[in-house]
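Just so it is clear, the model here is predicted, and its values are computed rather than measured. Chain letters run A, B, ... following the sequence lines, proteins first, then strands; residues in each count from 1.
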There are 2 protein chains.
Amino acid sequence: MTQPDAGGGARRGDTRARALAVALRMFAERGYANTSLREIADRLGVTKAALYFHYRSKDDLLAAILREYVDDLGDLLDDAAHRPASPATCEWLLCELAQQRGRWGSDLLRLIRQNYAEISRLPVVADMRQAHRRLLLALSGPGADLAGRVRAQAALVALEGPVLLPGDDDDEQATRAAALAVALEIVRARP
Amino acid sequence: MTQPDAGGGARRGDTRARALAVALRMFAERGYANTSLREIADRLGVTKAALYFHYRSKDDLLAAILREYVDDLGDLLDDAAHRPASPATCEWLLCELAQQRGRWGSDLLRLIRQNYAEISRLPVVADMRQAHRRLLLALSGPGADLAGRVRAQAALVALEGPVLLPGDDDDEQATRAAALAVALEIVRARP
DNA sequence: GTCTATACCGAGATAGAC
DNA sequence: GTCTATCTCGGTATAGAC
């Protein structure tokens with residue numbers, strides 16, 4: 001799996017998009033600081049300089065990945081904003097979130113959680129934090145107290161908890177479903 | 001706060017211990033990869049070479065911090081192992097864990113969570129993972145199924161969830177108490 | 001046990017040809 | 001769009017005096 005272009009598909013013109021996918025995987029697996037542009041370029045089958053044509057810097061490459069994430073999350077939050085603020089909406093949001101994260105795969109979440117020290121230097125982090133605030137607000141309701149916000153936060157991390165658990169050999173689908181069930185439980189236990 | 005030795009205390013002979021505390025704080029605040037040994041030495045009031053006398057490498061310094069953590073956690077787990085496997089023990093463990101983390105402060109947890117990509121290269125990570133497994137086992141019970149383990153994991157992350165929430169201006173004590181309450185709720189909801 | 005000075009290396013980034 | 005070649009900088013790590 002060391003040779004370039006394991007996908008075997010088209011090689012010309014899609015470097016920009018392929019770079020995003022490859023970088024995401026490598027950043028998630030090996031860490032942002034421990035992954036050099038040279039390694040990314042190698043696996044991509046191009047040179048470092050080619051990467052610099054598409055992205056102005058290494059940070060820029062990381063930011064591009066994260067921007068996809070916040071945009072997608074923002075769309076979901078917009079949908080949620082058009083619904084009435086109710087427990088039903090809250091549960092609907094958790095389900096949608098679980099689905100969305102299933103589509104994203106675990107790499108993106110691991111990238112964010114395990115490299116947050118680097119990410120927090122980037123400008124995109126402001127948008128990420130705002131999205132997180134909106135998420136908490138939607139989950140806990142408009143005038144929630146401290147306990148309510150902590151509960152919402154707990155439901156959120158419960159949802160992604162299993163993703164961060166390394167090396168358990170359970171079925172991924174089943175684990176995700178169990179996590180969603182627990183997250184729903186948490187918000188339902190709200191007095 | 002830029003000048004060395006803000007503590008104002010003894011300066012000779014305790015470099016090794018002070019280095020641990022200073023490094024912990026800086027690694028947590030600025031990130032492991034973004035903190036150079038030169039910066040640590042400066043704030044410590046010594047030179048880089050002095051650091052290398054006490055710790056063989058930057059990784060070694062980080063590992064020493066983490067080893068304190070795993071040892072302390074291991075002691076707690078040993079205590080738990082001497083108690084009967086019951087829901088009461090499980091709740092007791094959660095409370096002790098919350099207390100212990102209060103003593104450690106938020107820096108250590110943030111260091112681990114936000115720099116896990118770097119940490120996972122170190123040998124100590126094996127002990128950390130084992131401690132985590134023991135923790136999950138103690139919380140979920142001996143023969144727990146998938147749902148039980150996910151629930152235990154959720155309780156764990158719920159406990160540290162608020163620590164990872166940046167910039168909320170709530171009272172730290174109250175937030176910690178609320179997190180513990182939610183974590184207890186989660187394990188109590190176990191069927 | 002702590003310092004000065006320096007070697008060394010790999011990283012990100014750029015220039016300019018093709 | 002992609003290459004080769006090169007630059008620069010900051011990092012870790014070491015040698016040896018005090």
**Student:** By nearest heavy atom, map A:Arg56 and A:Glu39 onto DNA chain C; which one lands nearer the 5' end?
**Tutor:** A:Glu39
**Student:** Taking the side chain of B:Thr47 as heavy atoms from C-beta outward, which of C:dT4, C:dT2, D:dT12 is closest to it?
**Tutor:** C:dT4
**Student:** Rounded to whole angstroms, how far apart are CG on B:Leu61 and P on D:dT12?
**Tutor:**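 It is 11 Å, rounded to the nearest whole Å.
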**Student:** Tell me whether the NZ or CZ atom of A:Lys58 lies within the 45° cone about the ring axis of A:Tyr32 and under 6.0 Å from its centre.
**Tutor:** yes
**Student:** Measuring from atom CG of A:Leu51 to atom OG1 of A:Thr15, what distance do you get when rounded to the nearest 0.5 angstrom?
**Tutor:**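 It comes to 8.5 Å.
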**Student:** Is B:Thr15 close enough to C:dT2 that one of its side-chain N or O atoms is under 4.0 Å from OP1 or OP2 there?
**Tutor:**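 Checking C:dT2 against B:Thr15, a side-chain N or O does come within under 4.0 Å of OP1 or OP2.
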**Student:** Nearest 0.5 angstrom please: B:Leu109 CG to B:Gln114 CD, how far?
**Tutor:** 10.0 Å
**Student:** From CG of A:Asp59 over to P of C:dA13, roughly how many Å is that when rounded to an integer?
**Tutor:** 7 Å
**Student:** I want to verify a distance call: between C:dG12, D:dA13, C:dC3, whose nearest atom is closest to the A:Ser36 side chain?
**Tutor:** C:dG12
**Student:** I need the CG-C1' distance between B:Asp60 and D:dA13, as an integer number of Å.
**Tutor:** 13 Å
**Student:** Whole-Å distance between D:dG11 C1' and B:Tyr55 OH?
**Tutor:** 20 Å
**Student:** Consider the side chain of B:Ala49, meaning its heavy atoms from C-beta on, and name the nucleotide among C:dG12, D:dA15, D:dC3 that approaches it most closely.
**Tutor:** D:dA15
**Student:** From C-beta outward on B:Phe53, which listed nucleotide comes closest to its side chain: D:dG1, D:dA13, C:dT2?
**Tutor:**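 Looking only at side-chain atoms, B:Phe53 lies closest to C:dT2.
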**Student:** Just how far, in rounded Å, is P of D:dG11 from CZ of B:Arg38?
**Tutor:** 8 Å
**Student:** Ignoring hydrogens and angles, answer whether the base of C:dG12 and the side-chain atoms of A:Lys48 contain a donor-acceptor pair closer than 3.5 Å.
**Tutor:**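 Between C:dG12 and A:Lys48, which were checked side chain against base, a qualifying N/O pair under 3.5 Å is present.
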**Student:** Rounded to the nearest 0.5 Å, what separation is found between the CD1 atom of A:Ile186 and the CD atom of A:Gln153?
**Tutor:** 10.5 Å
**Student:** Would you mind reading off the distance between A:Leu51 atom CG and C:dT14 atom P, rounded to a whole angstrom?
**Tutor:** 14 Å
**Student:** What nucleotide among C:dT2, D:dT14, D:dT2 has an atom nearest to a side-chain atom of A:Ala50?
**Tutor:**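 Closest of the options to the side chain of A:Ala50: D:dT2.
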**Student:** Rounding to a whole Å, what distance do you find between B:Asn34:CG and C:dA11:P?
**Tutor:**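 Computing the B:Asn34:CG to C:dA11:P distance gives 16 Å.
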**Student:** Just how far, in rounded Å, is P of D:dT14 from CG of B:Leu37?
**Tutor:**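 Answer to the nearest Å: 12 Å.
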**Student:** Is any side-chain N of the basic residue among B:Arg83 and B:Asp78 closer than 4.0 Å to the acidic one's carboxylate O?
**Tutor:** no
